[in-house]
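Read through the structure below, which is laid out as structure tokens, and then see the notes.
Per chain, numbering begins at 1; letters A, B, ... match sequence-line order.
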Amino acid sequence: MILTFLFRRIVYLVLVVLLITLATFVTFFAGSAGSLAARFAGKQAGPAAIKNAEIRLGLIHGFWYQYWHYLVDLAHGSFGLDFQNQEPVMREISRAFPVTASLVVGAAILWLIIGISIGIMSATHPRTVRDRAGTLFALTFLSMPLFVLGVLLLLVLFYYLTEAGLHWFPAAGYVPLTQSPVQWAVHLILPWFTLALAQAAVYTRLIRSSLLDTLGEDYIRTARAKGLSRRTVIYKHGVRAALTPIITQLGIDVGTLLAGAIVTERVFGLTGLGELSLDALFNGDLPVVAAVVLLAAVFIVFMNTVVDVVYALLDPRVRIS
Amino acid sequence: MSASTADILLGIDTEFGIADDEPDIRGRTPMRLAWARLRRDKVSMAALGFVIFICLVGVFAPVLTWLIGHGPNTEYPNIGLTIFGHPVPPSRTFLLGTDDLGRDVLSRLIYGARVSLEVGVGATVLATVLGVAAGLISGYYGGMLDAFIARFMDILLAFPILLFALALVARFGPSLTLILLVIAFFEWPLIGRLVRGQVIALREREFVEAARAAGSSNLRIMFVDITPNLIALAVVYATLLIPVNIVLEATLSYLGLGIQPPTASWGNMIAEAQNGDLYTIAWWMLVFPCVALFLTTLAFNLLGDGLRDALDPRHGRSNLLGGKTR
């Protein structure tokens, strides 16, 4: 059973990969290949140089040939060479991925802590001041665009603190974890909080409504009636059941963000996958864009599979199919 | 004869009716009921007030900037910049200060509102119309057509929207129309899916059967009988989509792939403020567009939530969806 499940997922993944690469290729080839080649032929390139670039970048071949070629490369585990520097795209991606992964995983831990605790507070004290405070928190950060939150944090926590003589947070940059764990964390605090606060708003709302539903169930009343404390009932019986919708959301969010938290990376000058793809988009560097878009799709499908498996582990009623 | 025939037929106690100065027997349509409910909600009314205000600002942008006396793209190198060439802080002449080119931040904010609303409302209207049409056709006819449309909507929703919007804009060059079309293209399935579900439930109802028995054509049933029942749903979700689209436009502009300078947009104003850390010497260049963007999205979100509570399309009070009940 698990095998058919995995098989179907893999077939689905291949389909998604085909569709997404095709869409990316079509998007880019809607213009002419010549203008694309002209960009990489250098300044004031003559017709010969442009022709040269076209040959070098493989743009001289027809659309389907190039697409096929790309798929064959992909099957060999290669994303090809980028247009800009003729460097393997794989190398650039493996350079950028740790940055994005650090950002997203750290932020995910934070937003789970913030979102779940505020959500529980709201749901266990419905229609009180605490609940309203929770709702206000959620509404504020739901309505605040990510980059607005980011630049405001920069203004207040970086600039004003630095001006006041407190060099607590750096404005930008990334230090690898292996180089200095402390500096790594210090450089990521503001980006983590930016991403986490925006996401926590969504989770607060989810947990609140899910927990409110759960606490209205009969088995909760039974648990209370047999004499368990309020605390035990809420945390052991209520929260545990209310967490299932969170897992779905978490899977989708982490999958999507791993392909580049474009906005957060731009605000804080982090050279992750998002920044890589943005640069590539500006330059018309097709192989890089295609690779990042593809990774995004793969991450999303992968995380969905993980979610399904975790579901089955958490809830015995759910069967993998 | 003291009581008229009509009064008797309607079962109205005339003596009581005469005694009461204002007999409250006006017919109340579902929409009017919803409006009455919305009007009692202070937060929603404040949000509605702000939304109307920002719309007026957008519509009358040329008049307002004329009143202020500074065009949005006019540079004032003499009075708009300090002797060091820095932006001027908020003052009597420039109420919200100037930017690094000596342009009036307030005038730019006003024109930014216009761009935000054009994209936000425009893309939403387009996505909603497309979504309702697709959902209606898909849900009403069912079968192969439905399977095809539903699958297509699922696939579109699986696309990383920001990345693809960026790719398309990077490829074809940024323009307001393109941004609007791209956003609408990726968003209509959101509305379409909801409408489809609603239509599938509605087409089995008695009033549709009655209409068919009376000889109505499919088109007539779809537009005259079913569509009115979709309005509440469409209005609520359209209101909630507007802030999403305003933020999308601002994000694209912030990333440099949206509205291009010198045309002002809240997104590119924030990007300009961050460019070269200008905000460290001119906080007003950063804070005011941020506040404008935040308040506008907040107002639309609050209004959308309020409308949902007032119209309640989800929670089974089906009499609010118009049509038959009692």
Could you look at B/Asp305 and say if it's the side chain, the backbone, both or neither that has a heavy atom under 4.5 Å from chain A?
-> side chain
Where on A/Thr140 is there a heavy atom nearer than 4.5 Å to chain B: the side chain, the backbone, both, or neither?
-> both
Measuring heavy-atom distances to chain B, does A/Leu278 have an atom under 4.5 Å in its side chain, in its backbone, in both, or in neither?
-> side chain
Flag the one option from B/Tyr279, B/Trp266, B/Trp283 with the top tally of heavy-atom pairs under 4.5 Å to chain A.
-> B/Tyr279
Applying a strict 4.5 Å limit to non-hydrogen atoms, the region of A/Leu19 in contact with chain B is side chain
Proximal component of B/Ile270, with respect to chain A [non-hydrogen, under 4.5 Å] | side chain
Donor-acceptor under 3.5 Å (A/Thr194 side chain, A/Leu149 main chain) | no
What's the verdict on salt bridge (charged side-chain N to carboxylate O under 4.0 Å, His left out) for B/Arg103 and B/Asp99, showing C-alpha distance, side-chain angles and the deciding distance?
-> CA-CA 5 Å; B/Arg103 295 174 297 193; B/Asp99 68 5; 3.0 Å; yes
Is it the case that A/Tyr70 and A/Gln66 place a side-chain donor and acceptor less than 3.5 Å from each other?
-> no
Residue, of B/Thr297, B/Thr280, B/Thr251, that accumulates the most heavy atom pairs under 4.5 Å with chain A = B/Thr280
Any chance the side chains of B/Gln260 and B/Asn268 put a donor and an acceptor closer than 3.5 Å?
-> no
Measure distances from B/Leu162 to the heavy atoms of chain A and classify the residue's part below 4.5 Å as side chain, backbone, both or neither.
-> side chain
Taking B/Ser265 for its side chain and B/Ile259 for its backbone only, find out whether a donor-acceptor pair lies under 3.5 Å.
-> no
Does a donor on one side chain sit under 3.5 Å from an acceptor on the other, for A/Glu265 and A/Thr271?
-> no
Do the side chain of A/Asp285 and the main chain of A/Asp82 share a donor and acceptor less than 3.5 angstrom apart?
-> no
Heavy-atom distance under 4.5 Å to chain A: side chain of B/Leu286, backbone, both or neither?
-> side chain
